[in-house]
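Starting from 1, each residue takes its place in the sequence as its number.
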Amino acid sequence: MLAIQVQYPALTYSLNCDSWIKQLFKSVQNLADYTKKQLLLGNIIEVEHCYQLAHDIHEKGGNISKTAIENVFVYGVSKTLEVSFAVPNQARQQFLGFFKKEYARQICASLA
């Protein structure tokens with residue numbers, strides 16, 4: 001959550017959740033929502049910045065952080081990438097560059 005707070009203070013400004021876990025998941029949800037908005041605007045540079053931040057949290061964070069990125073960020077952003085024709089193809093390729101393994105795991109789990 002601290003990484004999101006440093007990069008995007010507005011996304012974590014008004015969090016008044018009961019526990020740090022709720023704050024973490026809400027921060028990741030806010031990052032996912034912001035990323036989806038930037039995708040629809042076609043702001044590739046900002047989208048890549050969001051992907052990089054989420055990837056860093058996933059790689060360097062603990063198990064709960066990894067779970068938040070996989071279940072909230074990757075899931076939410078991938079749905080936007082799958083259904084929106086307005087999203088540039090470059091954004092889809094960048095997403096897979098950062099989250100291919102996590103995305104594939106979700107696809108395989110949904111087929112089971």
Side-chain angles (χ1 to χ4, degrees):
M1 182 178 76
L2 183 59
I4 297 172
Q5 212 168 19
V6 169
Q7 296 289 323
Y8 297 102
L11 297 180
T12 58
Y13 177 72
S14 63
L15 295 178
N16 294 323
C17 300
D18 297 331
S19 71
W20 70 269
I21 295 173
K22 287 182 182 178
Q23 289 179 349
L24 170 67
F25 274 81
K26 183 61 179 165
S27 294
V28 172
Q29 180 63 58
N30 289 346
L31 179 62
D33 292 343
Y34 178 73
T35 304
K36 291 186 280 187
K37 181 178 179 183
Q38 296 306 309
L39 280 165
L40 296 174
L41 292 172
N43 189 350
I44 298 298
I45 293 170
E46 189 63 14
V47 167
E48 184 174 11
H49 184 240
C50 293
Y51 288 169
Q52 184 65 56
L53 177 58
H55 183 262
D56 289 347
I57 293 168
H58 187 264
E59 293 298 308
K60 298 174 184 172
N63 289 337
I64 295 173
S65 297
K66 290 178 183 185
T67 299
I69 293 299
E70 291 171 4
N71 293 344
V72 177
F73 186 85
V74 173
Y75 178 79
V77 172
S78 69
K79 293 301 173 199
T80 299
L81 292 170
E82 291 169 1
V83 300
S84 178
F85 293 113
V87 173
N89 197 37
Q90 180 182 359
R92 289 178 175 88
Q93 297 304 318
Q94 287 175 333
F95 179 81
L96 292 175
F98 284 105
F99 302 108
K100 185 175 187 175
K101 185 170 81 173
E102 293 77 22
Y103 179 66
R105 189 175 314 140
Q106 288 182 7
I107 296 297
C108 290
S110 68
L111 297 176

Pair Trp20, Ile64 - check side chain to side chain contact (heavy atoms under 4.5 Å, CB included), show working. CA-CA 11 Å; Trp20 70 269; Ile64 295 173; 3.8 Å; yes
Heavy-atom distance under 4.5 Å between the side chains of [X] and [Y], does that happen here?
{"X": "Leu40", "Y": "Lys36", "value": "no"}
{"X": "His55", "Y": "Glu59", "value": "yes"}
{"X": "Arg92", "Y": "Asn89", "value": "yes"}
{"X": "Ile44", "Y": "Pro88", "value": "yes"}
{"X": "Tyr34", "Y": "Asn30", "value": "no"}

Any chain of hydrophobic side-chain contacts (each under 4.5 Å) joining Ile69 to Ile107? yes
Please answer: with hydrophobic residues joined when any side-chain heavy atoms are less than 4.5 Å apart, are Leu31 and Leu41 in the same cluster? no
Check: Ser78 side chain, Tyr75 main-chain N or O, donor-acceptor pair, under 3.5 Å: yes
Which residues share a salt bridge (charged side-chain N to carboxylate O under 4.0 Å, His left out) with Lys37, sequence neighbours left out: none
Quick one: salt bridge (charged side-chain N to carboxylate O under 4.0 Å, His left out) partners of Glu70, sequence neighbours excluded? Arg105
Report the distance from atom [atom1] of [X] to atom [atom2] of [Y], rounding to the nearest 0.5 Å.
{"X": "Leu53", "Y": "Phe73", "atom1": "CG", "atom2": "CZ", "result": "8.0 Å"}
{"X": "His58", "Y": "Thr67", "atom1": "NE2", "atom2": "OG1", "result": "8.0 Å"}
{"X": "Asn71", "Y": "Gln106", "atom1": "CG", "atom2": "CD", "result": "6.5 Å"}

What pair of heavy atoms forms the shortest contact from Ser65 to Gly61, and how long is it? CB-CA, 4.0 Å
Distance-only check: which donor-acceptor pairs under 3.5 Å involve side-chain atoms of residues 93-104, not counting sequence neighbours?
residue, atom, partner, partner atom, Å
Gln94, NE2, Glu48, OE1, 3.4
Tyr103, OH, Glu82, OE2, 2.5

